[in-house]
J.: 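Okay, handing you the structure first.
Computed over heavy atoms, backbone and side chain alike; hydrogens, waters and symmetry mates excluded. Note that the coordinates shown come from a computational prediction; the quantities given were computed from them, not determined experimentally.
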Amino acid sequence: MSGTLRYADKVVVVTGGSKGIGRGIVKVFAENGATVVFCARGEEAGRALEEELKGLGPACCMFLSCDVTKEEEIKKLISVTVDKFGRIDCLVNNAGWHPPHKLIDETTADEFRELLDLNLLSYFLATKYALPHLRRCQGNVINVSSLVGSIGQRHAVPYVATKGAITAMTKAMAIDESQHRVRVNCISPGNVMTPLWEELAAHTGNAAATIEAGEDAQLMGRMGTEAECGQAALFLAADASFCTGIELLLSGGAELNYGHKSQVK
């Protein structure tokens, strides 16, 4: 059976793995034979996913509660994984948040700093503490960025800044870690239907219209799925052995063609 599994006998750590894109990544790695340690702040959703994934043959899934804005909790996530499973082959940095859209004028410096801690600094710290183990296995890091990090987004300056920084940091990490045969890549999703997307749509006053507009933004006429994000991550970890420092756009073509752009009234 193991011959049909694309990441058997590997150990993967996924941050923000209890729902949304992270949940899709956890599921796909587990279905392909990996031992997956995933974390989130939400205990209930994490335990529910852990229970759901029991019985997947050789796979093992373990949930750990972790606030990735706290350095000591990130260190514990890595140390518990290594103590229990002996290695780390892949780190997927995914934990993050998209605040409700608002103007720069209404955004405080503290709000920006808090988002930097969650969306960016946590990626740096998790990678820093996982690298000694990844180097031993010649493993890889996958950072979840966003399409808007390169094309921008209206009324989302702090979020776009964090995602653009993730993409840039991925390239710099890939350079430094090449000497250790550790690959570092990132995935930049466009619109993916997740609980966070539904939450943001609910803030607009007409959630159904917002979701329809989100679907129309892709050439393919739909949003991506959590499972498709998982498949992209598995490709980078298991198959893309000559890829490092790349940004894999998972966008359904959202960045292509002209569209209505003018903000001038």
Side-chain angles (χ1 to χ4, degrees), residues 6-7 10-17 20-34 36-39 68 74 78 81 87-96 119-151 160-190 192 224-255:
R6 292 167 61 196
Y7 220 54
K10 304 290 190 181
V11 178
V12 182
V13 175
V14 182
T15 68
I21 288 173
R23 175 172 57 195
I25 291 170
V26 168
K27 283 185 174 183
V28 168
F29 273 111
E31 289 164 357
N32 281 273
V36 186
V37 179
F38 67 100
C39 75
V68 296
I74 292 175
I78 300 302
T81 300
R87 60 190 289 149
I88 299 175
D89 296 278
C90 178
L91 168 67
V92 182
N93 286 308
N94 168 73
N119 284 12
L120 180 62
L121 187 58
S122 71
Y123 282 35
F124 169 79
L125 290 172
T127 304
K128 174 181 177 178
Y129 292 116
L131 273 173
H133 313 289
L134 291 165
R135 288 165 180 162
R136 280 195 286 274
C137 299
Q138 295 187 0
N140 70 102
V141 178
I142 301 168
N143 294 320
V144 178
S145 184
S146 172
L147 175 63
V148 302
S150 58
I151 69 171
V160 170
T162 64
K163 291 301 181 177
I166 288 167
T167 302
M169 184 171 70
T170 296
K171 298 176 187 298
M173 286 178 169
I175 294 167
D176 288 350
E177 292 309 310
S178 61
Q179 64 178 312
H180 302 292
R181 302 295 189 268
V182 172
R183 296 180 298 111
V184 187
N185 296 295
C186 71
I187 299 170
S188 287
V192 175
T225 68
E226 296 175 5
E228 286 171 324
C229 294
Q231 291 292 344
L234 180 65
F235 163 72
L236 288 175
D239 305 320
S241 56
F242 198 53
C243 292
T244 194
I246 71 163
E247 179 186 13
L248 177 59
L249 297 183
L250 194 68
S251 64
E255 72 281 6

J.: Hey, could you give me the CG/CD distance between L134 and E177, rounded to the nearest 0.5 Å?
T.: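 The CD atom of E177 is 8.5 Å from CG of L134, to the nearest 0.5 Å.
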J.: First locate atom OG of S145, then atom CG of L120, and finally report the distance between them rounded to the nearest 0.5 Å.
T.: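 So the gap between those two atoms works out to 10.0 Å.
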J.: Is there side-chain contact between Q231 and L234, with at least one heavy-atom pair below 4.5 Å?
T.: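 Q231 reaches L234 side chain to side chain.
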J.: Do Y123 and V144 come within less than 4.5 Å of each other through their side chains, counting heavy atoms only?
T.: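 In short, these two side chains touch, coming nearer than 4.5 Å.
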J.: Tell me the closest heavy-atom pair linking C39 and V68, and the distance in Å.
T.: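 The answer is SG-CG1, 4.2 Å.
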J.: Strictly distance-based, threshold 3.5 Å: is any side-chain N or O of N119 a donor or acceptor partner for the main-chain N or O of G96?
T.: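 It does not hold such a pair.
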J.: Treating R6 as the side-chain partner and D239 as the backbone partner, does any N or O pair qualify as donor plus acceptor under 3.5 Å?
T.: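 Checking the backbone N and O of D239 against the side chain of R6, no donor-acceptor pair under 3.5 Å is found.
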J.: Is a side-chain N or O of R135 found less than 3.5 angstrom from the main chain of V182, in a donor-acceptor match?
T.: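 The answer is no, because no donor-acceptor pair under 3.5 Å joins these two groups.
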J.: Can you measure from OG (S146) to CD (E247) and round to the nearest 0.5 angstrom?
T.: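 Rounded to the nearest 0.5 Å, the OG-CD separation comes out at 9.0 Å.
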J.: Measure the CD1-NE2 distance between I78 and H133 for me, rounded to the nearest 0.5 Å.
T.: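 Rounded to the nearest 0.5 Å, the CD1-NE2 separation comes to 7.0 Å.
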J.: Identify the two heavy atoms, one from L147 and one from A254, that lie closest to each other, and give their separation to 0.1 Å.
T.: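 In this case the closest contact between L147 and A254 is CD2-CB, 3.8 Å.
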J.: What pair of heavy atoms forms the shortest contact from V184 to A174, and how long is it?
T.: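 Heavy-atom minimum between the residues: O-CB, 3.7 Å.
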J.: Under the side-chain contact (heavy atoms from CB on, under 4.5 Å) rule, what do I187 and C229 come out as? Steps first, then yes or no, please.
T.: CA-CA 8 Å; I187 299 170; C229 294; 5.9 Å; no
J.: Can you name the nearest heavy-atom pair linking E228 to G224, along with the distance?
T.: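 Closest pair (atom of E228, atom of G224, distance): OE1-CA, 3.4 Å.
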J.: Looking only at heavy atoms, which two atoms of F29 and C90 are closest? And how far apart?
T.: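 Residues F29 and C90, closest heavy atoms: CZ-SG, 4.4 Å.
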J.: For a quick test of reading the model, state the closest non-hydrogen atom pair linking A238 to Y7 and the distance between them.
T.: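 Of all heavy-atom pairs spanning A238 and Y7, the closest is CB-CD1, 3.8 Å.
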J.: Is any side-chain heavy atom of T167 less than 4.5 Å from a side-chain heavy atom of S150?
T.: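 The answer is no; the side chains never approach within 4.5 Å.
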J.: Starting from the C-alpha separation in whole Å, work towards a yes-or-no answer on side-chain contact (heavy atoms from CB on, under 4.5 Å) for V160 and K163.
T.: CA-CA 5 Å; V160 170; K163 291 301 181 177; 5.9 Å; no
J.: Within a strict 4.5 Å, meaning less than it, do heavy atoms of the V36 and I25 side chains meet?
T.: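 Counting from C-beta outward, V36 and I25 never come under 4.5 Å.
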J.: Would a 4.5 Å heavy-atom cut-off, applied to side chains only, mark I21 and P189 as touching?
T.: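 The answer is yes, as the side chains (C-beta and beyond) meet within the 4.5 Å cut-off.
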J.: Distance check, rounded to the nearest 0.5 Å: R181 atom CZ versus T244 atom OG1?
T.: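 So the CZ of R181 and the OG1 of T244 are separated by 11.0 Å.
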J.: Return the SG to CG distance between C186 and N93, rounded to the nearest 0.5 Å.
T.: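 Here the rounded value is 11.0 Å.
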J.: With a 4.5 Å heavy-atom cut-off, do N185 and L248 have their side chains touching?
T.: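 N185 does not reach L248 side chain to side chain.
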